[in-house]
Amino acid sequence: MENNQTCFRRGIRDGMPIALGYFAVAFTLGFAAKNAGFSAVQAMAESLTNNASAGEYAVFSLAASGAGYWEVAVMTLVTNARYLLMSCSLSQKLAPETPWYHRMLVAFDVTDEIFGISIAFPGRLNPWYSYGAMAVAIPGWGIGTFLGVAVGNVLPLRLVSALSVGLYGMFLAIIIPPARKNRVVLVLVLLSFAASFIASRWTLLAGISSGVKTILLTVVISLAAAILFPVADDPDHDEAGEQT
């Protein structure tokens with residue numbers, strides 16, 4: 001079992017591609033922050049405390065329209081609701097005796113990408129692995145937002161948008177290895193892609209936010225997979241990682 005220091009370094013290594021992708025995405029987010037009247041420092045503080053692109057964009061859009069605090073809070077909650085499911089899943093990945101403060105810190109930065117690499121961690125998740133990924137991902141997000149506001153529209157929008165393609169490549173790097181090893185995983189991945197595309201085009205679901213759609217699809221597909229293709233207990237999950 002890897003010690004905390006090794007897991008932290010491994011988290012930094014795996015988190016570097018995430019940080020680079022976050023920098024590009026947050027750069028474009030800075031444009032929205034600037035248009036909403038946020039200074040570079042204010043926008044960076046927002047990114048450091050709310051590391052979620054859709055949630056932050058909703059905040060900046062509502063702020064620009066003069067919405068009240070309660071409207072912003074509710075919209076942010078709905079937009080980021082899918083992270084509740086991710087947190088529940090990661091809580092099962094941690095060793096039962098993991099202290100509450102480790103659970104709280106890991107939950108602070110449950111993003112799609114960090115969740116992806118954390119859930120793929122072999123055996124029990126050592127919180128220090130997540131901390132390593134967070135140590136580079138959060139600054140990448142915050143600095144990107146700061147520069148997006150500070151630089152403004154100097155760089156072509158097409159160029160900045162092209163940089164964010166790196167996030168999609170990182171997602172593929174997460175899902176392809178397990179999909180190649182297990183046909184069930186491959187089918188579920190393809191089914192998830194198809195269902196997500198249909199949900200985005202289906203007019204009956206047009207009034208539902210993307211976060212809620214993600215939750216519904218996750219629950220339905222994962223429940224069906226658990227019933228049809230149950231997975232035997234993994235002995236590695238019975239071993240608690242070294243934690244402090």
Grab the two heavy atoms, one from [X] and one from [Y], that are nearest each other, plus how far apart they are.
X	Y	answer
Trp141	Asn50	NE1-O, 4.2 Å
Ile18	Ala137	CG2-CB, 4.0 Å
Ser87	Val110	OG-CG2, 3.8 Å
Ala45	Thr49	O-OG1, 2.9 Å
Pro122	Arg10	CD-NH2, 3.5 Å
Val149	Ser39	CG1-C, 3.8 Å

Quick one, [X] and [Y] - any side-chain contact, counting heavy atoms below 4.5 Å?
X	Y	result
Met86	Asp112	yes
Thr98	Pro127	yes
Leu190	Leu186	yes
Arg124	Leu94	no
Glu46	Phe60	yes
Arg13	Arg9	no

- Query: With sequence neighbours left out, what residues match Thr6 under side chain to side chain donor-acceptor pair (under 3.5 Å)?
  - Reply: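 In terms of side chain to side chain donor-acceptor pair (under 3.5 Å), with neighbours along the sequence ignored, Thr6 is linked to Asn3.
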
- Task: Using the six-membered ring wherever Trp is involved, compare the ring planes of Phe23 and Phe27 and label them parallel, tilted or perpendicular (cut-offs 30° and 60°).
- Result: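 Geometry flag for Phe27 against Phe23: tilted rings.
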
[X] and [Y]: side chain donor to acceptor below 3.5 Å:
X	Y	answer
Glu56	Ser47	yes
Tyr22	Thr111	yes
Asp14	Tyr129	yes

Decide whether [X] and [Y] are clustered together by the hydrophobic rule: side chain heavy atoms of Ile, Leu, Val, Met, Phe, Trp, Tyr closer than 4.5 Å, transitively.
X	Y	result
Val41	Phe38	yes
Ile12	Leu105	yes
Leu191	Leu85	no
Val220	Leu223	no
Phe108	Val136	yes

Give a yes or no answer on whether the side chain of [X] reaches the backbone of [Y] with a donor-acceptor pair at less than 3.5 Å.
X	Y	result
Gln92	Ser89	no
Ser91	Cys88	yes
Lys93	Gly123	yes

When rounded to the nearest 0.5 angstrom, what is the spacing between [atom1] in [X] and [atom2] in [Y]?
X	Y	atom1	atom2	answer
Tyr131	Met134	OH	CE	7.0 Å
Ser196	Phe193	OG	CZ	8.5 Å
Ile119	Leu90	CD1	CG	5.0 Å

- Task: Evaluate the side-chain contact (heavy atoms from CB on, under 4.5 Å) criterion for residues Trp128 and Gln5: first the C-alpha distance (whole Å), next the side-chain angles of each, then the deciding distance (0.1 Å), finally the verdict.
- Result: CA-CA 8 Å; Trp128 287 94; Gln5 187 176 8; over 6 Å; no

- Sequence-distant partners of Ser192, side-chain contact (heavy atoms from CB on, under 4.5 Å), two or more places apart: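 By the side-chain contact (heavy atoms from CB on, under 4.5 Å) rule, Ser192 matches Ile221.
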
- Item | Under the side-chain contact (heavy atoms from CB on, under 4.5 Å) test, residues paired with Leu48 that sit two or more places apart |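 Leu48 satisfies side-chain contact (heavy atoms from CB on, under 4.5 Å) with Met44, Ile138 once adjacent residues are dropped.
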
- Query: Stepwise, does the side-chain contact (heavy atoms from CB on, under 4.5 Å) test hold for Ser130 with Asp109?
  - Reply: CA-CA 9 Å; Ser130 296; Asp109 200 39; over 6 Å; no

